[in-house]
Amino acid sequence: MEAPRLEMRDISKEYFGNKVLRSVNLSVAPGEIHGLVGENGAGKSTLMNILFGMPVIRNTGGFEGRIFIDGEPVEVNSPYDALELGIGMVHQEFMLLPGLTITENIKINREIVKDNLLSKLLGKKLGILDFERMRRDARKALDRVELNIDEMLPVLGLPVGFMQFIEIARELDKDSLRLLILDEPTAVLTEKDAETLIEVMKKLSREGISILFITHRLNEVLRVADNITVLRDGEVVGKLPSSEATIEVLAELMVGRKVDISARARRGFEEDAKPILTIKDLHVDMPGERVSGLSLNVQEGEILGIGGLAGHGKIGIANGIMGLYPARGYVHVANYGEVELNSPLSALSSGMAFVSEDRRGMGLLLDETIELNIAVQALLSRGKFLKKYLFNMIDRESIRKHALKMIKDLDIRCTGPNQIVRRLSGGNQQKVCIAKALTLEPSILFVSEPTRGIDVGAKKIVLDLLLQLNQELGVTIIMTSSELAELRSICDRIAIIYRGRLQGILPVDASDKEFGLMMAGELSAVKEGVF
Amino acid sequence: MAKDEKVLSSTSNNMHESQKNQFELKWFLRKNIVPVFFFVLCVIGGYYSGLPLPFLLNEIITRMARNSFLVISLIIPVLAGMGLNFGIVLGAMAGQFAYVATVNWQMAGLTGFTTTALLSIPLAILFGWLTGILFNHTKGKEMITGIILGFFANGIYQLICLYFMGNIIPIKVPSMLIPGSIGLRNTLDIKPMQYALDNLLKIQVKIPGHVFPVSIPVATFLAILALCLFTHYIVKTKLGQEFRIVGQDMHVAEASGINVDRVRIIAVILSTILAGLGQVIFLQNLGNINTYGSHVQVGTFAVAAILIGGASVKKATVGQALLGTLLFHTLFIVSPLAGKNLVGDAMIGEYFRVFVTYGVIGVALALHAWQSLQEQRRIALLKADISGE
């Protein structure tokens, strides 16, 4: 039997004692299209970073296991090595220069030059670019991906769909290309463009190029892939030929049941009972997390979970409503009225508060004390903790009193209210963020990715804290999280966002299949009750 | 979403076209607001200065010949995404050190000038290399780093000139040193090398109706032309392409296997070499060196000039550099006299000169900021229009 084009054997990887890949095996035959599916954080990116020799792997202690290309053991220490071995990668984010032409982008760092006197003396870099030949090569590559566009157009202003094909053309232009990695290539494409892409992939595989296709769209992977590997929590949980797979099987494998739903009684919240927050046709222009036309009602006193895959806009919702990214649409808070968008102050005065997913960047003043971090937002937006003389003076005493209370109530482990926030652990920093939000005495609290980057023990404490706030203080909580298990453990209902819009709201005890399908945009399958 | 973007790009192109056709003048003004603004200032200043035309032309030509080289040296770092290289002050120092050496060797004429120019190159490479390393550690803050580096380097320069020269570094010519002490004098006479390049080939052009002719230092302008061609050539090579790629996105450059740090260092070295040569040309025209002052404002003046020409921290061309040099120095010549004639006080004239130098940088930067704000608004409006459907 022919040796596989790519074989990754027993790949394990740890980030600071946290195992993200456990003995992963992956094998791709020549000319095979291999689908790799898994939730965010399942380890797909880490696996690809290892294969592509990204510096981040080496800088964090390397990995265990071996890689074979066409049966030969290889060392991939840098992206350059990967390119030499004929591995091409189309990254999830665009790697194109908008100011340059398509030709220049395709030939990036592989430009063809004409020799002249200076270049003969001082090296090839001083040769003048041979645009004629570069154009011809670019044309050839573009024809292979069936993109009929002038190769001398600048990339700026091209539709995103075109950009994806240009990236693939760039990889194809490398003569040695043997294995093409496509990371979420259809995420930004329209149905029609995705269709074309699938055709192109099939054509390339007939030419003998192996393709590793990473995606969330289960129907596409089923259509195009020969074999499918499913990753979950850093482990291969399924490996099957696509002829034997169905969307339901994949969805179930992908999501899996990780945590038992706590025994707490769920309250039923009717969609149109008495909304405390009404969102209509919300658009948020947050790069990478665009919200486009979301409508949603939030009931008073509930914990609403917002889930969905990365890049579909779930993070953008809270950021847009709180005025941190340009937004338009209609947001109404009961007992306040319409909230002015693009104005953090208006959002705060309507009784909403936000614990940002970007804890260290947006949420905290890292080099200030705990007490100041807790007080600063209330101080600036509500005029709390001020002594009103001729000028407003900060009332250190009341800040200290409040901070001590918060430290006690939320059990922030620290040396005292004067400690600098940077020195706290992730979990305790998150508690400071929550304390800061609580100081505003919000009626609605947005919490984004509350457990990101904190250890397992602290996760539970943070989640319990949120639950406690909801039950004891009656704060309505809207929690956004990439971890479904986390949403399920404390929320009353879970809204799933897909492509910037509400795909549907599920009860927490809905099956894994339902969640998996809904996240993958297979709403119709859910509605029709195929499973 | 992709469909929206398609509509957006096509609409934006259409808008662009129609705007261009309907409001040709308005579009032109908006695109070139900075040079147009300063051109108007120059015309007003020229009128009120009352200077005769041949005098004005002579002054402008002299200053163009003197300064163009220094301004053009700023282009390559802009291309490589490093902003305006205030670090060319170090290039100027390299040129001055080279003069100290050739004056000390008592060289003169074209030989002396050529030796000075050649000698400045290795020094500039060293200084540029060090600057480049520093810039690589302060990515995104190259401009402010360059300014501060200029101050810091000035300290070391003064140490060398004041304490090392005539002490650790032997100086043969006593008249170069402070009498009865060590260290270089305030003014270094380079009369033997003055006009070495300018007078190599000089033509006089009579202007009808005026007595004094306008003289043009052809050789100097040929050197500037050669530099323009060189810059143009570099832009078209693979190296130039790498500058552009690094300038647009270092991350993408890295992922395509380009050694980003190396490319940036090459850009700074080239810029520093050109600035060194520029300072050598500048000083051969002046005929003496203000040992502790000639280099200090080189960066500020060159940056002001290129900004006036319509360049920005992200985009600069040879044409902008030349136009900017022309406008800046015209303004520099006419503003003191215009100020004096308008207000009637010589001191006010001097104030105008200083004000112009620093003021233009501020005004040019503000106008650029206004321009890009307008552009952003236009795009935001378009986006809103389209997604509103």
Side-chain angles (χ1 to χ4, degrees), chain A residues 52 54-55 78-84 89 91 93-100 104-105 107-114 116 118-119 122-131 134 156-164 170 188-194 283 285 290 292-293 326 328 499-500, chain B residues 1-16 79 81 229-230 232-260 262-263 266-267 270 314-315 375-377 379-389:
Chain A
F52 208 61
M54 293 305 261
S78 70
Y80 186 77
D81 289 350
L83 297 177
E84 287 285 288
M89 181 152 176
H91 296 263
E93 76 271 35
F94 287 119
M95 287 285 200
L96 292 174
L97 298 170
L100 299 184
E104 287 170 299
N105 269 294
K107 287 306 234 181
I108 188 167
N109 204 26
R110 290 179 299 105
E111 293 90 352
I112 305 169
V113 294
K114 276 186 275 208
N116 58 26
L118 268 179
S119 71
L122 297 167
K124 239 180 85 178
K125 281 202 174 177
L126 288 176
I128 288 185
L129 300 189
D130 186 347
F131 262 95
M134 282 166 63
L156 185 76
L158 288 181
V160 276
F162 283 23
M163 295 195 194
Q164 194 79 61
R170 184 190 62 212
V188 293
L189 298 187
T190 58
E191 297 292 325
K192 195 171 150 291
D193 287 339
H283 294 253
D285 193 11
R290 195 181 298 269
S292 32
R328 67 199 163 76
R499 297 191 132 200
Chain B
M1 199 175 78
K3 191 177 130 245
D4 284 358
E5 304 263 349
K6 252 181 226 175
V7 177
L8 173 68
S9 71
S10 66
T11 320
S12 110
N13 284 340
N14 290 342
M15 284 280 287
H16 205 71
L79 199 65
L229 291 176
F230 173 75
H232 188 69
Y233 164 76
I234 284 287
V235 169
K236 294 206 140 193
T237 59
K238 164 127 175 67
L239 184 64
Q241 189 73 5
E242 286 179 10
F243 288 152
R244 256 202 302 264
I245 292 167
V246 169
Q248 285 210 14
D249 194 327
M250 284 190 250
H251 181 56
V252 173
E254 205 127 58
S256 350
I258 292 175
N259 188 340
V260 172
R262 208 177 103 93
V263 169
I266 293 175
L270 277 176
K314 292 200 190 101
K315 193 171 180 293
E375 187 62 21
Q376 272 171 19
R377 282 224 184 105
I379 291 171
L381 273 176
L382 272 173
K383 269 191 182 166
D385 274 4
I386 287 153
S387 41
E389 279 152 349

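Computed from a prediction, not measured in an experiment: that's the story for all the values here. A note on names: the letters A, B, ... follow the listed sequences, proteins ahead of strands, and every chain is numbered from 1.
Between B/Gln241 and A/Leu100, the shortest heavy-atom distance links the atoms NE2-CD1, 3.9 Å. Contact record, A/Asn109 with B/Ile245: N-CD1, 4.4 Å, taken as the closest heavy-atom pair.
Residues B/Thr237 and A/Val113 are not in side-chain contact: their nearest non-hydrogen atoms beyond the backbone lie 4.5 Å or more apart. Side-chain contact between A/Leu126 and B/Leu239 is present, with at least one heavy-atom pair separated by less than 4.5 Å.
Here B/Gln248 is the residue among B/Glu254, B/Gln248, B/Lys236 with the most heavy-atom pairs under 4.5 Å with chain A. Note on B/Ile258, B/Ile234, B/Asp249: by heavy-atom pairs under 4.5 Å with chain A, the leading option is B/Ile258. Listed options A/Arg110, A/Glu111, A/Met89 were ranked by heavy-atom pairs under 4.5 angstrom with chain B; first place goes to A/Glu111.
Scored by the ring-ring contact (aromatic ring centres under 6.0 Å, His included) test, A/Phe52 finds A/His91 as partners (sequence neighbours excluded).
In this structure, chain B has a heavy atom under 4.5 Å from the side chain of A/Asn116, while its backbone stays farther away. For a residue to count as touching a neighbouring chain, one of its non-hydrogen atoms must lie under 4.5 Å from one of that chain's; by this rule B/Glu242 touches chain A with the side chain only. Heavy-atom distances place both the backbone and the side chain of A/Pro98 under 4.5 Å from chain B.
Proximity of a side-chain donor or acceptor of B/Tyr233 to a complementary backbone N or O of A/Ile128 within less than 3.5 Å is not detected.
If you take CG on A/Asn105 and OG on B/Ser256, they are separated by 9.0 Å, rounding to the nearest 0.5 Å.
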